[in-house]
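Residue numbers start from 1 in every chain, and the chains themselves are labelled A, B, ... in the order their sequence lines are given, proteins ahead of strands.
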Protein chains: 4
Amino acid sequence: MAAGTINKVILIGNLGDDIKMHYFDDQNCVGRFPIATSESYTNKQSGEKVTSTDWHNIVVRNGLAKVCEKYLSKGDKVYVEGKLKNRQWEQDGVKRYSTEIHVNEMTMLSTKKNTDSSTPIAPQQDQKPSAPAPKTVTPEEDDDLPF
Amino acid sequence: MAAGTINKVILIGNLGDDIKMHYFDDQNCVGRFPIATSESYTNKQSGEKVTSTDWHNIVVRNGLAKVCEKYLSKGDKVYVEGKLKNRQWEQDGVKRYSTEIHVNEMTMLSTKKNTDSSTPIAPQQDQKPSAPAPKTVTPEEDDDLPF
Amino acid sequence: MAAGTINKVILIGNLGDDIKMHYFDDQNCVGRFPIATSESYTNKQSGEKVTSTDWHNIVVRNGLAKVCEKYLSKGDKVYVEGKLKNRQWEQDGVKRYSTEIHVNEMTMLSTKKNTDSSTPIAPQQDQKPSAPAPKTVTPEEDDDLPF
Amino acid sequence: MAAGTINKVILIGNLGDDIKMHYFDDQNCVGRFPIATSESYTNKQSGEKVTSTDWHNIVVRNGLAKVCEKYLSKGDKVYVEGKLKNRQWEQDGVKRYSTEIHVNEMTMLSTKKNTDSSTPIAPQQDQKPSAPAPKTVTPEEDDDLPF
DNA sequence: TTTT
DNA sequence: TTTT
């Protein structure tokens, strides 16, 4: 239970790389991948168009990590929702800080992955390439999935 | 215009310190302050209660920065909404990274600041100490404020 | 699992009335209460200040409903998050429509209810009247509560 | 300025119909269209899969309405963000109520509209049918658009 | 490192 | 009325 505080991040962006999975055992795992968001605006002084991109470190766990591993790959567009988490560690005697987004909800908005038509949850690529069947997946629902 | 991406952060938390203002000139300024969010949960293995706190680097600009300077102080609870922004710089030859939240909407949920009753925007402390009249301030509306 | 869609409502507002509880049995119940949000702006033509208030029909279930019943009352300020749900029914032969917000997360931002200090979840009114210790409650966590 | 309240709706869904535009004059207009969100879950008693769909009345104004008219059509998937607004009117002596979502930010997540390649903002359908170039449009930015 |  |  949170102490009367709210910590919420909502992103729609593209995967900059495939997910990297790390298994602790066959039940517990964590997956990490970067998501890019970008915005472009016109600089008021110079009149030139500027595009800036921000990279976000996404962390998913267990069932949701397995779903991401199965359906997402580099370049795909996704909706994610989660919490900002600070992580610190020491590297070569220097304290390092990193900000991660611990995601608990993910919806695919596009997918490039060739999905096996025998798995009913899979987006059916053959029917309608421009609108692959996306699904929203949350941790509670992972248990229903065939992993 | 953003390239079909969304970058949104919503926080409710407490100021860990007073705002630090930096003025570029009398029109342009930036203010920074930390916000803490926390959550506590029961560790499933040990059964002990764990509380974890995350600190967020809030950045506000111009009119909204001046409103924050005027009405917020250490310990106050606020709602903020903004975007995640990565910042990098070099310090002693080492590349440093920091994640900031560039806030464009702020609502006071409590205030300790002794506010002058002659400024109508100020929360009226005398009437209802447990629920000071908060106001939502967004950048577009700054022009209406008496600065 | 949702079909690649997102339905999310976030409100901070005040209860217009106490919660109305309806029990199906001792496990299952539903609670309803109205929340007001308001905004005021200056009419560009007339220059006069206009305040408009919107009322939202909040619906909570089971453990979260019991928490709301216990800690919230008319006038309190809360943060809620949920989904928009359309409901239709017939009344006197006329089809009626209503929009509800089915809430799955609630955080108290103020409370007037006199809370018993023996219940540790209760905001501790004696310490800090202007900022009662609020708690975020989500359905998954209800099981930990003493109901 | 809002009175310390927050009223925020975030939807990703599909247009159930084309936008209906109403022009007050050549500067001021309003557009309306329905968006569907759906969720499916397994009924715990019966074990059968249930899908429920909610329809949302989207309202956009002026520049954003024109962008929606130009780029969106029935079936398209969009991200929208806005505020819940109650509307009431009398019809045949009976008071009617309706809930609308007054949208101030829209991002196209798919488009079926055949867009003219001479307009640079248009999604370029020929290159990559499965991922049309989406754009986020907010009211403040409308002035940059060629209307 | 993505995407447009 | 959409979408899967």
Side-chain angles (χ1 to χ4, degrees), chain A residues 11-20 32-40 49 51-58 71-78 80 107-112 115 120-128 130-137, chain B residues 1-7 86, chain C residues 1-7 86, chain D residues 11-20 32-40 49-58 71-78 80 107-112 115 117 120-128 130-137:
Chain A
L11 300 175
I12 295 179
N14 300 285
L15 275 75
D17 202 354
D18 287 349
I19 193 171
K20 254 95 183 174
R32 293 168 188 278
F33 57 89
I35 285 184
T37 57
S38 57
E39 54 180 342
S40 56
K49 205 177 172 186
T51 297
S52 86
T53 297
D54 289 284
W55 287 98
H56 311 283
N57 303 312
I58 306 299
Y71 295 112
L72 298 181
S73 56
K74 187 175 171 172
D76 285 343
K77 176 163 283 188
V78 286
V80 294
T107 293
M108 290 173 266
L109 299 174
S110 79
T111 183
K112 292 186 181 117
T115 50
I121 188 201
Q124 291 154 288
Q125 202 130 28
D126 43 345
Q127 295 179 235
K128 215 176 183 185
S130 63
K135 297 284 175 186
T136 298
V137 186
Chain B
M1 192 181 297
T5 63
I6 299 292
N7 175 350
N86 308 132
Chain C
M1 191 179 299
T5 63
I6 298 291
N7 177 349
N86 307 133
Chain D
L11 300 175
I12 294 179
N14 299 285
L15 275 76
D17 201 355
D18 287 347
I19 192 171
K20 253 94 182 175
R32 295 169 186 275
F33 57 88
I35 284 183
T37 57
S38 57
E39 55 181 340
S40 56
K49 205 176 172 187
V50 185
T51 297
S52 85
T53 296
D54 289 284
W55 287 98
H56 311 282
N57 303 313
I58 306 300
Y71 295 112
L72 297 180
S73 55
K74 187 175 172 173
D76 285 343
K77 176 163 284 188
V78 286
V80 294
T107 292
M108 290 174 265
L109 299 173
S110 80
T111 183
K112 291 185 182 120
T115 49
S117 65
I121 187 200
Q124 291 154 288
Q125 201 130 27
D126 43 344
Q127 294 179 236
K128 215 178 182 183
S130 63
K135 298 284 175 188
T136 298
V137 186

Heavy-atom side-chain contact between A:Leu11 and A:Ile58 under 4.5 Å:
yes
Atom CG of D:Asp54 and atom P of F:dT1 are separated, to the nearest Å, by 16 Å
Taking atom C1' of F:dT2 as reference, at what distance in whole Å does atom CZ of D:Phe33 sit?
12 Å
Would you mind reporting whether D:Thr107 and B:Ile6 have side-chain heavy atoms less than 4.5 Å apart?
yes
Nucleotide of F:dT1, E:dT3, F:dT2 approaching A:Asn14 most closely (side-chain heavy atoms):
E:dT3
To the side chain of D:Ser38, which of E:dT2, F:dT3, F:dT1 is closest?
F:dT3
What is the distance, to the nearest angstrom, from the NZ atom on D:Lys49 to the P atom on F:dT3?
17 Å
Please classify the nucleic acid contact of A:Thr53 as base, sugar-phosphate, or nothing, using heavy-atom distances under 4.0 Å.
base
Rounded distance (Å) that lies between atom C1' of E:dT3 and atom CD of A:Glu39:
14 Å
Both A:Thr51 and A:Asn57 contact DNA chain E. Which one's nearest nucleotide lies toward the 5' end?
A:Asn57
CD1 of D:Ile12 versus P of F:dT2: gap in Å, rounded?
20 Å
In this structure, how many angstroms lie between the P atom of E:dT1 and the CD1 atom of A:Ile19, rounded?
20 Å
Could you list the residues that satisfy salt bridge (Lys or Arg N to Asp or Glu O under 4.0 Å) with A:Asp18, not counting sequence neighbours?
none
In chain order, what residues pass the salt bridge (Lys or Arg N to Asp or Glu O under 4.0 Å) check against A:Lys74, with sequence neighbours excluded?
none
Nearest of E:dT1, E:dT2, F:dT1 to any side-chain atom of D:Trp55?
F:dT1
In whole angstroms, the gap separating P of E:dT3 from CE of D:Met108 amounts to 19 Å
Atom CG of A:Leu109 to atom P of E:dT3: distance rounded to whole Å?
15 Å
E:dT1, E:dT3, F:dT1: which one has an atom nearest the side-chain heavy atoms of A:Lys74?
E:dT1
Tell me whether B:Thr5 contacts the main-chain N or O of A:Ser38 through its side chain, where contact means a donor paired with an acceptor under 3.5 Å.
yes
